[in-house]
Amino acid sequence: MAEINRAVKGTNDILPSFVHKWQFVESSMLDTARLFGFSEIRVPVFEHTEVFKRSVGDTTDVVQKEMYTFDDKGGRSITLRPELTAGVIRSVLENGLTNGPLPLKVCYIGGCYRYEKPQAGRLREFHQFGVECVGAAAPNADAEVISLAKQVLTNIGIEKISLEINSIGCPECRKKYQEALKDYFRKNIDTLCATCRDRLERNPMRILDCKSPVCKELCENAPVVIDYLCDECEEHFNEVKKHLDWAGITYTVNPHIVRGLDYYTRTVFEFVSGDIGAQSTVCGGGRYDGLIAQMGGQPTPSLGFAMGIERLMMVLEAQNADMPEAPTCDLYIASMGDNASLKATALCNSLREDGFSVQTDICAKGLKAQMKFANKIGAKFTLVLGEDELNNNTAKLKNMQSGEETEIALSELSEELLSALNKSALKNLTDSIFN
Ligand code: ATP
Ligand code: MG
């Protein structure tokens, strides 16, 4: 088949019959973030490649294997964003946002691009919702950001989800740990995959996030960073846990979480679902106290998280969560003859100005075909305009669900439609209560 008829491997279309679910999830996410004081930020889909190398880290899987990088016609190296934190922090610094009141709280929704092996829950174009809280060092910031993630998951309808947290310490306390880790892996160097052998001296913690089965098995008995925390990092982690307890959020400490991006320090966390198979992490996040300085700003302790919207959709589907129905047309106006068609144009326009969703025939169909179409699109009410209706200025408003017809004055159509829609909505509600 010609390529012209096929989407690129690992990309998905979000079709009109499904998009209302995305709209619901996205608006619920932004609304929830607003309750915690987060405002939306929108940044470009591509950045200078250096932005990601510097922040995500050039020994990570993302930078080593997964980026869509190309030279533009001006010879600049450009990369499609594999995640949004790097671009958001670049924008925060470039626009001097850290000079305003801190903490700065921003959130985002956007497409991300990673050259990965496509499978269930793993795409080459996927979407993330995420937040960044810039300039907040205290442990209750960690708990607040985790609470926000949890609240978002609850508000979109996810009931069953587990939270795993860990602390990966600061660069200072990590020195000892890295030595212990190197010792451990050096003993097993022949078992490591080629990429990890290269990582061993440069950034041994990356091995802990390797997906290759042999490395994974070796990691099971590797020393864990939580045993090497300095006093300050340990105290910070204890305080985070206390605040989570007070927020009523249950979690387990999983000493094996290290996260796949280099910029994390201290608290890291994941929300994991048991309902969607192997790609089970729907949200990952943590503190990145060193990132802003690493990207050229003043040292500014910060933290955030990102969730994969496609994986969340899979969880909602698997848990059979309540989702809003696709919105349907309030009224379909069928017409017979040129005069009726003109009247339909006038009525449609004024009803749409009043906020109703209204359609009429724009394909010169016969009456029967028009009614068939109204049925197919699930119009709640229909109205047929012919010569008689035009002469009398009245028509029958038909409730398509009950079949009930009411004679109404065309001049009162807006008021009549409003009351008919309210009545049928009320009826649907009582029906669903009693059934
Ligand atoms: P994984 O371990 O699954 O590769 P990751 O550590 O690479 O995830 P992050 O970079 O932390 O993931 O991204 C945050 C979230 O974005 C993930 O928890 C996941 O829900 C989602 N995500 C990451 N990569 C993909 C992908 N290729 N396809 C779909 N969703 C993804
Ligand atoms: Mg990954």
Side-chain angles (χ1 to χ4, degrees), residues 7-12 14 22 25-26 29 52 55-57 59-68 79-89 107-132 145-146 149-150 152-153 156 158 161-166 168 195 205-213 215-216 219 254 256-265 267-288 291 303-318:
V8 174
K9 194 171 160 185
T11 67
N12 274 343
I14 303 168
W22 277 75
V25 165
E26 289 176 351
M29 288 168 157
F52 302 112
S55 56
V56 173
T59 55
T60 59
D61 266 358
V62 171
V63 170
Q64 286 192 325
K65 305 179 189 166
E66 298 171 2
M67 293 203 309
Y68 279 94
T79 294
L80 301 186
R81 62 186 182 202
E83 51 104 63
L84 275 91
T85 300
V88 167
I89 296 303
C107 63
Y108 57 78
I109 292 179
C112 299
Y113 304 85
R114 296 186 190 180
Y115 194 75
E116 301 203 68
K117 195 163 159 242
Q119 52 201 285
R122 196 174 288 293
L123 296 157
R124 291 184 175 173
E125 182 189 57
F126 62 98
H127 297 80
Q128 286 187 341
F129 162 75
V131 311
E132 315 298 348
V145 164
I146 293 173
K150 171 82 187 178
V152 164
L153 296 169
I156 64 172
I158 293 179
I161 193 98
S162 46
L163 167 63
E164 300 184 356
I165 63 171
N166 190 24
I168 58 170
T195 321
M205 275 177 78
R206 286 276 58 87
I207 301 174
L208 301 173
D209 205 48
C210 183
K211 303 277 190 303
S212 113
C215 297
K216 265 187 162 168
C219 288
N254 177 351
H256 292 286
I257 299 180
V258 290
R259 308 290 310 125
L261 318 172
D262 263 358
Y263 48 60
Y264 287 111
T265 52
T267 316
V268 288
F269 62 92
E270 290 183 353
F271 282 88
V272 184
S273 166
D275 292 317
I276 53 169
Q279 317 315 324
S280 56
T281 308
V282 295
C283 172
R287 191 166 263 292
Y288 47 84
L291 177 63
L303 67 163
F305 67 73
M307 24 184 104
I309 303 184
E310 282 82 358
R311 289 190 198 173
L312 293 174
M313 289 295 179
M314 290 167 68
V315 178
L316 289 169
E317 213 67 4

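Keep in mind that this is a model prediction, so the values were computed, not measured. We count ligands from 1, going down the list as the structure has it; atoms in each ligand are counted the same way.
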Can you pull out the closest protein heavy atom to atom 27 (N) of ligand 1? Residue, atom name and distance to 0.1 Å, please.
Glu116 OE2, 2.6 Å
To which protein heavy atom is atom 9 (P) of ligand 1 closest, and what is the distance rounded to 0.1 Å?
Arg259 NH2, 3.6 Å
Tell me: protein heavy atom nearest atom 18 (O) of ligand 1, and distance?
Thr281 O, 3.2 Å
Heavy atoms, side chains only, cut-off 4.5 Å: are Ile158 and Phe271 in contact?
no
Checking a contact table here: which protein heavy atom is nearest atom 5 (P) of ligand 1, and how many Å away?
Arg114 NH1, 3.9 Å
With side chains defined as the heavy atoms from C-beta onward, is the minimum distance between Met67 and Val62 less than 4.5 Å?
yes
Below 4.5 Å, heavy atoms only, C-beta onward: do Glu270 and Phe305 meet side chain to side chain?
no
Around atom 28 (N) of ligand 1, find the nearest protein heavy atom and jot down its residue, atom name and distance.
Leu123 N, 2.9 Å
Going by heavy atoms in the side chains, are Leu312 and Met307 under 4.5 Å from each other?
yes
With the side chain counted from C-beta on, respond yes when Phe269 and Cys283 share a heavy-atom pair under 4.5 Å apart, and no when they do not.
yes
Does Arg311 approach ligand 1 within less than 4.0 angstrom via side chain, backbone, both or neither, non-hydrogen atoms only?
side chain
Part of Gln128 within contact of ligand 1 (heavy atoms, under 4.0 Å):
side chain
In terms of residue, atom name and distance, what is the protein heavy atom nearest to atom 1 (P) of ligand 1?
Arg122 NH2, 3.6 Å
Which atoms of ligand 1 have any heavy atom of Ala306 under 4.0 Å away?
14 (C), 15 (C)
So, is Asp209 polar-close to ligand 1, with some N/O to N/O distance under 3.5 Å?
no
Can you pull out the closest protein heavy atom to atom 29 (C) of ligand 1? Residue, atom name and distance to 0.1 Å, please.
Gly121 O, 3.3 Å
Hey, does Val131 have a side-chain heavy atom less than 4.5 Å from the side chain of Val152?
no
Short N/O distance, under 3.5 Å, between Phe126 and ligand 1?
no
Taking N or O atoms only and a 3.5 Å limit, does Gly308 qualify as a polar contact for ligand 1?
yes
Output, in order, the C-alpha distance, side-chain angles, deciding distance and verdict of salt bridge (charged side-chain N to carboxylate O under 4.0 Å, His left out) for Asp262 and Arg206.
CA-CA 8 Å; Asp262 263 358; Arg206 286 276 58 87; 2.6 Å; yes
With a heavy-atom distance limit of 4.0 Å, tell me whether Cys112 approaches ligand 1 through its side chain, its backbone, both, or neither.
neither
Calculate, to the nearest 0.5 Å, the distance between atoms OG1 and CZ belonging to Thr85 and Phe52 respectively.
10.0 Å
OH of Tyr115: more than 12 outside heavy atoms within 6.0 angstrom?
no
Atom 2 (O) of ligand 1: nearest protein contact (heavy atom, Å):
Lys211 NZ, 3.4 Å
Below the 3.5 angstrom mark, is there an N/O of Gln279, backbone or side chain, next to an N/O of ligand 1?
no
Side chains of Glu83 and Gln128, donor plus acceptor under 3.5 Å
no
